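Inspection log for the structure reproduced underneath, given as structure tokens.
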Number of protein chains: 2
Amino acid sequence: MLIRSLEIFRAVVDTGSFSAAAERLHTVQSNVTAHVKKLESELGAHLLERRSPVVVTPAGRQLLGYARRIVELHDDALARFRPGGEPLGELRLGSMETTAAVHLPGLLTALSRRWPQLSVHLRTGTSGELIEAVRAGQLDAAFVAAEDAGDELALRPVFRERLVLVSARPLPAMPARAELLRTPFLAFRQGCGYRRTIELLLAERRVPAPRIHEFGSLDAIVGCVSAGMGLAVLPASTVEQYRQRFELHTLPLPAALGDVTTVVATLSAASWSQGLEVFMESLPEPAPWDAAPARRAG
Amino acid sequence: MLIRSLEIFRAVVDTGSFSAAAERLHTVQSNVTAHVKKLESELGAHLLERRSPVVVTPAGRQLLGYARRIVELHDDALARFRPGGEPLGELRLGSMETTAAVHLPGLLTALSRRWPQLSVHLRTGTSGELIEAVRAGQLDAAFVAAEDAGDELALRPVFRERLVLVSARPLPAMPARAELLRTPFLAFRQGCGYRRTIELLLAERRVPAPRIHEFGSLDAIVGCVSAGMGLAVLPASTVEQYRQRFELHTLPLPAALGDVTTVVATLSAASWSQGLEVFMESLPEPAPWDAAPARRAG
DNA sequence: TTAAAAAATCATTTCCGGTGATAGAAGCAC
DNA sequence: GTGCTTCTATCACCGGAAATGATTTTTTAA
């Protein structure tokens, strides 16, 4: 049974004649006859009484319900893939905690307003986890800190971040090696890009086996840093969000380590859904580095 | 876009591989590849990432929803036409008032119990109207009094009826011509088979231009006959139903006129829906004439 | 690196959807 | 009834594409 046959059958019922259906579908009458006959032989039932206008038999009536639904779904599906089609369905996003807290609320609110039919699912995790999820088709796109994620993934920069060292007390300068040796760090679990920065920072200063506490929650990290438990490395923009609630002091990291770009990881553009398409279009261009303000370096 | 392609696409997603899908659908792997590629080129999007197991892209995910629904509808449609399939949908029946009152309650109750998915629509009317409705595809089947209804309709006898003359007072014998001349008759509007019998009965007795009151309701006819307004011709079985409520007396008509068969009119059996099929199977064989009891000829 | 598995490619066959012309059936006017 | 019109069925044919089997290339796992 071909969708084409159902489409023709439906047209015959709607127009009331084989010839009229042929004209409407821009084909010839003999073709209409052939399709209807094929359906009738496949189903083993007379579907139409050849009169003027055509009479739909009980069996034909049964098929008609299916024909209408199938053809309609078919047309919908095609429309959904035509460029400019209204996006529909779920958009499954992933994000690092820090990006989710700072950048996504505005983005997702605007997206949801603009495309009411789109239902957004957001999952947070480390860059490593999220990239793997995109690769495995479990996420449509993810905000991660990465410069390379294999051939299969397309990375598009969206946010510039400056990483800062966060502490409970003012840091006039980078602590000396001796102090770093006995200072614990607070970070997300393995896979977080910023954690890697901590490790690089300390390795640069020849601090072996640093003590790193793994927290699963951004709030917990910030809270504990503020309470004097240790230091953390976070984007400046994230720290700003917590200044109301916590007493925090920051020190910018050197540009080589501290200037990071948040990218969106997706499969190749050819595999995007309509919803992902409009989402990617809604993303901002990342500001050039010199324009990224290093806010209060309190 | 072919249903076959959607079926193959779905199988690939479900099995996680092109080869496995080919095996499941009893075809070859290159054919699976060709179908998926065709879909991808038609829709202008990558649907699957060729890995092990296959990864569904966001665009593929979108199509998958449609594919599942369309293939499912397709399978349902085929199942519905396969002999022995569960009947579903509406069964649109027509019936003369008299048959509806006497014979249908039992039949339809049993049918509805046996096939809960079947929704029965019943419309009453004269034999003429109903036959035309079946011809026009507005009814699946109709109980009518007719011996011939054109080539297109199949007639199947189901009930034997004996027509009786109904009156308010006992009728020892057929009234004399003089009395018939001044007696009004009560009948359904033009198109009712039994009304034709009245006309034949009176014509036989050379009663010209009989007075016939046209009523649209069986109850009204019986009630008015009982009140002495005039005579009526009805099936004996129908009159029995009203004996509790009305004082009625009956006189059997001569067999030539009075022995009538109620038939079910349908389009040819090849055009029956599954629901009509089981309905027709549920109909009784008509009793032979000699077995039809002429009940109390009170 | 190698071996095994899976998908892509290709040549070939087969089948079928689409076309146009024609024949036949049904409806309508006279 | 006759003739005219309209509609559907039939037929032969073309072209495209679905299916097949063999082979190559890619991917994955050991």
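So you know, we letter chains A, B, ... as the sequences are listed, proteins then strands, and number each from 1. Given the structure is predicted, the values throughout are model-derived calculations rather than measurements.
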- Item | Ion pair Glu49(A)/Arg61(A), N-O distance below 4.0 Å | no
- Should Lys37(B) and Glu40(B) count as an ion pair when the cut-off is N to O under 4.0 Å? no
[N] [atom2] sits how many Å from [X] [atom1], rounded?
{"X": "Glu49(A)", "N": "dA9(D)", "atom1": "CD", "atom2": "P", "answer": "11 Å"}
{"X": "Asn31(A)", "N": "dA21(C)", "atom1": "CG", "atom2": "C1'", "answer": "15 Å"}
{"X": "Glu42(B)", "N": "dA17(D)", "atom1": "CD", "atom2": "C1'", "answer": "12 Å"}
{"X": "Lys38(B)", "N": "dT9(C)", "atom1": "NZ", "atom2": "P", "answer": "16 Å"}
{"X": "Leu39(A)", "N": "dA9(D)", "atom1": "CG", "atom2": "P", "answer": "13 Å"}
{"X": "His26(B)", "N": "dT20(D)", "atom1": "NE2", "atom2": "C1'", "answer": "16 Å"}
{"X": "Met1(B)", "N": "dG17(C)", "atom1": "CE", "atom2": "P", "answer": "18 Å"}
{"X": "Ile3(B)", "N": "dG17(C)", "atom1": "CD1", "atom2": "C1'", "answer": "15 Å"}

- prompt: Would you call the rings of Phe159(A) and Phe143(A) parallel, tilted or perpendicular, where under 30° means parallel and over 60° means perpendicular?
  reply: parallel
Given 3.5 Å as the limit, does a donor-acceptor pair link the side chain of Asp140(B) with the main chain of Arg92(B), or not?
yes
Note to self: Tell me whether Arg10(A) contacts the main-chain N or O of Leu64(A) through its side chain, where contact means a donor paired with an acceptor under 3.5 Å.
What the structure shows: no
Applying salt bridge (Lys or Arg N to Asp or Glu O under 4.0 Å) to Glu72(B) and not counting sequence neighbours gives none
Can you check whether [X] has a side-chain N or O nearer than 4.0 Å to OP1 or OP2 of [N]?
{"X": "Arg4(B)", "N": "dA19(D)", "result": "yes"}
{"X": "His35(A)", "N": "dC16(C)", "result": "no"}
{"X": "Thr27(B)", "N": "dT20(D)", "result": "yes"}

Glu23(A)-Ser19(A) side chain donor-acceptor pair, cut-off 3.5 Å
no
Per-nt protein contacts along nucleotides 2-8 of chain C (heavy atom under 4.0 Å; B base, S backbone sugar-phosphate only, - none) come out as ----SBB
